[in-house]
Amino acid sequence: MADQPTPDLSGPNAGAASYREQPSRAGDFPPPGEVRFRSINRLGLWTLYMKEVRRFFKVQTQTIWAPAVTTLLYLMIFTLALGGGGRIVLGVPFATFVAPGLIAMGMINNSFANSSFGLLVGKIQGTIIDYLMPPISNAELILALVAAAVTRAILVGLAVAAAMAFWPGVNLTVHHPWAVIWFGLMGSILLALIGVLTSLWAEKFDHNAAITNFVITPMSMLSGTFYVISNLSPTFQTISRFNPIFYVISGFRFGFLGQSDIGTTNEAVLHGAIGLGVLNLVLWVAIYYIFQSGWKLKA
């Protein structure tokens, strides 16, 4: 091996010369102020996810069981009010018709409630730094928030379904498992993403309540949960088809009954399934770039 030249260490630039001759490790560290993530921070992602899950699970009476009881009250009231006289809808008793929609509605409402709370509380209490400082990427932060909201939605859905299984006149036989899983997950993810977006925009609890009362609740109630849209006028049928929650409810119902407002075959329902997936992807990308910009998160 040829001898390497010896650097001049006698002049005023001796330190610089010595440094230049050493193997460079500059690539191992990003420039000051530049965040660089080389791989998925699994531990950080799991930690934030479990933090959000434990937050709602500590008050599970309020976050899981109370929504389940409220949904059962909806079933009782609407069954008595509209299901009397053995009313048949889509070829099944009214209680069986409305039950899947109520399960889906309970899931998506609680998914929104969970994801719209964490960041907002952090902004109000001044603890938002706990979300922004840990060494996790924006994509991992969004994933943890959405996954925790979906977890709560699934727990609420299971609690409601378990109670409805013993309800007189309700038959929850699953005809298309893929539709139950897909529309349940896509609906929960959709409302979780909307919740994250709401928590980014909101600056106080009144803003969150406004979105809940004037956007989410009307969209849920007017989504065909308690009726088929064929009973509406053509104008309102068209309006209903622009409501994404309509496809969540109808697709979830199709999984149980084998028929719905959006079709009675897998091919007919598939368009709604793809549409929800694309909508969620678009929302995810939009929220990611909002996080990147620091809008209403960083000074």
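These values consider heavy atoms only, across backbone and side chains, with no hydrogens, waters or symmetry-generated copies.
- The aromatic rings of W178 and F183 are tilted relative to each other, their planes meeting at an angle between 30° and 60°.
- Other members of the cluster containing L120 are F117, V121, I124, F205, with ILVMFWY side chains joined at under 4.5 Å, either directly or via other members.
- Listed by first and then second residue, the salt bridge (charged side-chain N to carboxylate O under 4.0 Å, His left out) pairs that reach into residues 246-268 come to none, sequence neighbours excluded.
- Counting only residues at least two apart or on different chains, the side chain to side chain donor-acceptor pair (under 3.5 Å) pairs with a member in residues 216-237 are N109-S220, S223-T225.
- Side-chain N or O atoms of W284 include none that pairs as donor or acceptor with a backbone N or O of L193 at under 3.5 Å.
- For R55, the salt bridge (charged side-chain N to carboxylate O under 4.0 Å, His left out) partners two or more places apart in sequence, or in a different chain, are E52.
- The main-chain N or O of F56 is never found under 3.5 Å from a side-chain atom of R152 such that the two would form a donor-acceptor pair.
- In this view, A192 and S111, S115, V146, A149 satisfy the side chain to side chain contact (heavy atoms under 4.5 Å, CB included) rule, not counting sequence neighbours.
- A donor-acceptor pair is defined here as one N or O able to donate and one able to accept, closer than 3.5 Å; such a pair exists between the side chain of N213 and the backbone of A209.
- Sequence neighbours left out, the pairs with a member in residues 287-297 that pass salt bridge (charged side-chain N to carboxylate O under 4.0 Å, His left out) are E203-K296.
- Through direct or indirect side-chain contacts shorter than 4.5 Å among Ile, Leu, Val, Met, Phe, Trp and Tyr, M133 is connected to I129.
- Applying the ring-ring contact (aromatic ring centres under 6.0 Å, His included) criterion to Y247, with sequence neighbours excluded, gives no partner residue.
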Please tabulate, one pair per line, all N/O donor-acceptor pairs under 3.5 Å involving side-chain atoms of residues 43-51, not counting sequence neighbours.
from, atom 1, to, atom 2, distance (Å)
T47, OG1, L43, O, 2.7
Y49, OH, T151, OG1, 2.8
K51, NZ, Y131, OH, 3.2

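- In this structure, the side chain of K123 does not engage the main chain of K204 through any donor-acceptor pair within 3.5 Å.
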Let me check something: any side-chain donor-acceptor pairs from residues 157-165 under 3.5 Å, sequence neighbours excluded? List them with distances.
none

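- Using a distance-only test at 3.5 Å, with no hydrogens or angles considered, a donor-acceptor pair links the side chain of N41 to the main chain of P135.
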Please report, to 0.1 Å, the donor-acceptor pairs under 3.5 Å made by any side chain of residues 286-294, with sequence neighbours excluded.
from, atom 1, to, atom 2, distance (Å)
Q292, OE1, N138, ND2, 2.3
S293, OG, I290, O, 2.7
S293, OG, W295, N, 3.4

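- When atom types are taken as modelled, the side chain of T96 and the backbone of V92 share no donor-acceptor pair closer than 3.5 angstrom.
- The side chain to side chain contact (heavy atoms under 4.5 Å, CB included) search around S240 returns I229, L232, not counting sequence neighbours.
- With hydrogens and angles ignored, the 3.5 Å screen pairs a side-chain donor or acceptor of S137 with a backbone N or O of E140.
- Aromatic rings from H176 and F254 are positioned such that their centres are separated by under 6.0 Å.
- Distance alone, capped at 3.5 Å, is enough to place a donor-acceptor pair between the S199 side chain and the V196 backbone.
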